[in-house]
Each structure stands twice: as C-alpha cells, then as structure tokens.
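Report on the following structure.
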Amino acid sequence: MQNVKAIFSLVSVSLILMVAIISPSIAASTAKPVEIKGEIIDTWCYLSGVMGGPDAVIGTAHHTCALWCAAGGIPVGVLAEDGTIYMVLKLKGEDPLAQSDTVMEIQSNKITAKGMHYLRDGVNYIVVENVIANEGITNRNHEDYGVVPPFAIPKKK
Amino acid sequence: MILNLVKTALVVTCIIVVGLSLSTPSHAQDFAKGSNAKEWGLIGEEKATFSGKVVDILCQLSGDCPANCGKGIRNLGVLRSVDNKLIFVTKNSQPAFNGATEDLLPYCGKDVDVDGVMVGENEKIAKVFLIQFIRIGGEEKWNKANLWTKKWQEKNPDAKGKGPWFRRDPRVAKQIKANGYFGLGHEEDERWRKAEEEE
C-alpha cells in the first residue's frame, strides 16, 4: 500500500513539474493586452539585412523603401524600444493589406500603441487597437546613412 | 522521504521532457534537404522545403477568421505539418519589395508543399519565410511564387508609365508628394540633394 502511495505521489509531482516546464510554450500563443512604444518599420529589410544593417533600414534614410514595402504587402512592424519586433496584423481596425492610406501614413513614425499581443513560435504579433500617441518621424538617420537604398530618391533629369 | 520523492520526480520529469523534445519530429527534420531554393545571402538564411496548410495568421492566433483568408488583405502563413509550427511567410521570390499574400491566397486552407528560405535571427527577434515555389501537396509541378506584380497591375490599370511598379504606385506617390522621400517635407529633400551635389 505504501508503495502505491509513493508511486502515486511520484507521478503527481512529475506531472506538476512537467506542466510547469512546458506551460510557457502553451501559454505563448494566448492574447495579452499590451502598450508599446516604438517605430513603425518595414520588417523584411530589418530582419533580412538585404539593404544593410539594422540602424540603416529604419528612420528617414529608409522611409521611401518602407513605403514601397508597405504598399507591396510586406508586413509592417513596430520596433519597440527594447528591440522586440511586433508584426502588425491589424492597425486601428484595418487589415494591413487593405488598399488604404492608414498603413502608408504611419511609416517610420514613432508611436505608442495599445493592442493585443500574441507570441507564437518565436514571432511577436500585435493587433493595434489604438495609436495613443504619434511623435511623427523622429529618427533623422539619413544624416548618417544617406538614402537606403541609394536609388530610392531618383536623380533629377 | 519527501526530499527523495521530489528529487526522484525531478529526475523522472527531466528524462520525460528531454525524451519528448528529442522525439519531436522537427528535431529530426532537415528542412534544407530536397530544397531547390535560390540563396539570397540574407541574415540567418537557411533553405527550407516543407509541407503544411496555408492559413490566415490572425485567424490562427485569435479566431478572427474572414472568408477565404481575408481575400488578399491579411498576412498569410503556413502551418507546418511536421511540428505544427506557424511559419510567417512575409516575402515572395520577386526582388522588388513584394509580399507573399498573392502567392499563398489561391491555396487558402489547402495542404501545400513550399520551398524557399527561412530568414532572420530567431533567437533574437523573429524568423520568417521567403517563399520561392509552391504546389498542392504531393503534386509534381512546382509554381513560382512571383504573382505580386501581375496582381498589382490588375489592381492599378491606370498606373501607367515607365519604371517599376513602386515608382508608379498611387499610394506611394501620394505619400512622397505630401511629405517627400525622407518623410520630412520637400525642403529637406532639396537640402540633402544640394549637399550631395556639392560633395
């Protein structure tokens, strides 16, 4: 009888420990309300490095390219102050690839957004419900990097 | 007695967890095997071909599921069969600032095979997929994932003229007209141009 109790206890404690170890990955895809501050960026150029280093593919230097990518249906993101990238799945109720100006007007802007945060398989996503503050374009990095890519500003004829 | 029980339970748990994680198919899977994707030389790039179902990302996460994956206005991805991972497909094979939704949309809810490259430093921020080829699961013929510019032309019949689509896109043109190429106004564009000419 004592053996049965010991085995039962062992199994119970093991199960509790397993749940404790595994639960973060299970809970990871649940929604959490969030408020984040950061810059609206083009996620492809930032993640892939195709146009240069991360400091060059944000801000004014990369603004025109960010417009191209947003119009081209590449996901936009919020680069938060802690370096996390939140992929924007909705912006103020609009789907990101709707052919509206909402996603275009906010490119390279520094915003504070409230919304729902999802984390799934290493990617952070956000449904932006509200932009509660917008400081506009504050990162004047074209003064350091020029235009990225260089052909973004066409040469005058 | 209790301490021994907890110690034993901890050891048993570790063995089970390690065993489970090692037996997960994704650890055994070499996604680069069989891939015919072209390398782009990007950060954290890894060739990858795998099977899965085309899904609407927001639908998967939140249960907000419009018909037909949003009919082109949502970000799409592939729910990988072998490990149930949600792969965010953010780029198609065209080198002209094009996303992947147009290439995935015809396969919404269907089982597909895809080939391309995973990109990004997963451990730091995110890893996403650049799709180069797609086909219905198990079919022989692959289709190039390069539909975006064709679909753009259909949606923008009046955007005529010379140059690539991004020079003619009305939404891009509207923003540049309003705020210039740096987004700071036309005076800053001119100031920068003059400085460049002087150098």
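Atoms considered below: every heavy atom in the structure, side chains included; atoms not considered: hydrogens, waters and symmetry mates. Labels below follow one simple rule: chain letters A, B, ... track the order of the sequence lines, proteins then strands, and each chain is numbered from 1. Note that the structure is a prediction, hence the values are computed from the model and not measured.
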Completion exercise
So, the part of B:Trp148 with a heavy atom under 4.5 Å from chain A: the answer is side chain

Handout entry: Residue, of B:Arg74, B:Arg171, B:Lys71, B:Glu196, that accumulates the most heavy atom pairs under 4.5 Å with chain A
Key = B:Arg171

Completion exercise
Smallest heavy-atom separation, B:Asp83 atom then B:Phe31 atom, equals OD2-CZ, 4.2 Å

Practice task
Answer yes or no: is there an ion pair linking A:Glu129 with A:Lys90, defined by an N-O contact shorter than 4.0 Å?
Solution key: no

Practice task
Any disulfide bond (SG atoms under 2.5 Å apart) involving residues 40-106 of chain B? Give me the pairs, sequence neighbours left out, ordered by first then second residue.
Solution key: B:Cys59-B:Cys65, B:Cys69-B:Cys108

Practice task
Would you indicate whether B:Glu139, at its atom CD, is surrounded by more than 12 heavy atoms from other residues, nucleotides or ligands within a distance under 6.0 Å?
Solution key: yes

Problem - Portion of B:Lys91 that has a non-hydrogen atom of chain A nearer than 4.5 angstrom - result: side chain

Problem - Part of B:Val172 lying under 4.5 Å from any heavy atom of chain A - result: both

Completion exercise
Interface check, chain A: of B:Arg167, B:Glu188, B:Lys174, B:Glu102, most non-hydrogen pairs under 4.5 Å belong to B:Arg167

Fill in the blank from the handout: Per-residue tally against chain B (heavy atom, under 4.5 Å) across A:Pro75, A:Ser108, A:Ser100 peaks at A:Pro75

Exercise for the section: Give, as side chain, backbone, both or neither, the part of B:Thr149 having an atom under 4.5 angstrom from any heavy atom of chain A. Expected result: neither

Exercise for the section: Go through the steps to decide whether B:Asn179 and B:Leu184 satisfy the test side chain to side chain contact (heavy atoms under 4.5 Å, CB included), and finish with yes or no. Expected result: CA-CA 6 Å; B:Asn179 300 308; B:Leu184 300 173; over 6 Å; no

